[in-house]
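Just below is one structure, and these are the notes that go with it.
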Amino acid sequence: MVVGMDEDASQRKARLKALREKAAGEDEPAAKRHKEDDSQGSKPVLKFRNYKATADDLKEKEVPRAPVPDIGKQVVEQVEAGKQTGSAEVDLLNLAPRKPDWDLKRDCTARMEKLQRRTQRAIAQIVRDRLADDGDLADAVAATEAPADVDSD
């Protein structure tokens, strides 16, 4: 069973290798191509894009910097175009960034309202149960006010 799996794996590798070579547009295998490149002695070419060489022989391999375009004229033209269109004043409060948790607050408001309603119902039920156990509403109110009167003396 292991032998069959090894054969399948080697066949799969060979097919993948052939597909890679075909996709690269090559007729000859990659190993032959590498041997020929080594025999010709081609070496990678050095290009210094960000490195300032100090040695004279390396300075000639520096790539000249690309010129930076002057965008001052474009900015002035865009500002003038904005003034000509008569755009309305922009309210700076609308441009202020939102707090990082604004979406969490937005998503949780419905849940919190539902939870608040349940909490209020539960509190009201507890108060009703206590009043039912105590008996008279007036006695319960007097009992809660009595400790407050004692503290004020």
Side-chain angles (χ1 to χ4, degrees), residues 1-134 137 140-141 144 147-148:
M1 182 134 198
V2 174
V3 175
M5 291 175 64
D6 289 338
E7 290 174 3
D8 291 340
S10 62
Q11 290 174 355
R12 202 170 29 250
K13 286 180 185 178
R15 276 184 294 179
L16 288 173
K17 187 176 181 181
L19 285 173
R20 271 190 237 117
E21 290 175 359
K22 184 178 179 182
E26 305 174 338
D27 292 336
E28 57 189 59
K32 291 181 182 176
R33 186 184 71 243
H34 288 300
K35 287 181 182 177
E36 289 176 6
D37 288 344
D38 291 339
S39 64
Q40 292 176 359
S42 64
K43 294 182 180 179
V45 178
L46 291 177
K47 293 182 184 178
F48 298 129
R49 291 184 179 89
N50 296 324
Y51 176 71
K52 291 285 187 181
T54 55
D56 293 333
D57 57 337
L58 294 178
K59 284 187 178 182
E60 59 195 33
K61 296 183 184 195
E62 287 182 11
V63 176
R65 291 193 175 262
V68 179
D70 185 24
I71 60 168
K73 294 176 184 177
Q74 293 176 355
V75 170
V76 170
E77 290 173 3
Q78 289 179 0
V79 168
E80 289 175 1
K83 289 180 182 177
Q84 290 175 357
T85 58
S87 61
E89 291 280 331
V90 177
D91 187 19
L92 294 179
L93 295 176
N94 293 337
L95 293 178
R98 293 182 175 177
K99 292 184 179 179
D101 61 346
W102 70 271
D103 57 335
L104 296 175
K105 289 180 182 178
R106 180 197 64 206
D107 294 341
C108 291
T109 53
R111 294 180 189 172
M112 290 302 293
E113 289 172 0
K114 187 176 181 180
L115 185 62
Q116 284 290 0
R117 287 192 301 265
R118 287 184 180 177
T119 304
Q120 290 300 324
R121 283 188 207 132
I123 291 172
Q125 185 63 37
I126 291 171
V127 169
R128 282 189 211 110
D129 291 343
R130 284 188 184 171
L131 289 177
D133 291 343
D134 291 341
L137 178 63
V141 171
T144 58

Can you list everything that forms a side chain to side chain contact (heavy atoms under 4.5 Å, CB included) with K105? Sequence neighbours excluded, please. D101
Kindly indicate, with the supporting measurements, whether the criterion side-chain contact (heavy atoms from CB on, under 4.5 Å) is fulfilled by K73 and V76. CA-CA 5 Å; K73 294 176 184 177; V76 170; 5.8 Å; no
Heavy atoms of other groups near R106 CZ, more than 12 under 6.0 Å: yes
d(D107 CG, T109 OG1) to nearest 0.5 Å is 7.5 Å
About how many Å separate NZ of K61 and CG of D57, when rounded to the nearest 0.5 Å? 7.5 Å
Q125: what forms a side chain to side chain donor-acceptor pair (under 3.5 Å) with it, not counting sequence neighbours? R128, D129
At what distance, to the nearest 0.5 angstrom, does OG1 of T119 lie from CE of M112? 8.0 Å
About how many Å separate CD of E80 and CD of E77, when rounded to the nearest 0.5 Å? 7.5 Å
Distance check, rounded to the nearest 0.5 Å: C108 atom SG versus E113 atom CD? 11.5 Å
Enter the distance from M5:CE to R12:CZ here, rounded to the nearest 0.5 Å. 8.5 Å
Residue pairs, two or more places apart or on separate chains, that pass ring-ring contact (aromatic ring centres under 6.0 Å, His included) and touch residues 46-76: F48-Y51
Assess whether side-chain contact (heavy atoms from CB on, under 4.5 Å) is satisfied between E62 and K59, documenting all intermediate values. CA-CA 5 Å; E62 287 182 11; K59 284 187 178 182; 4.2 Å; yes
I123, CD1 atom: more than 12 neighbouring heavy atoms under 6.0 Å: yes
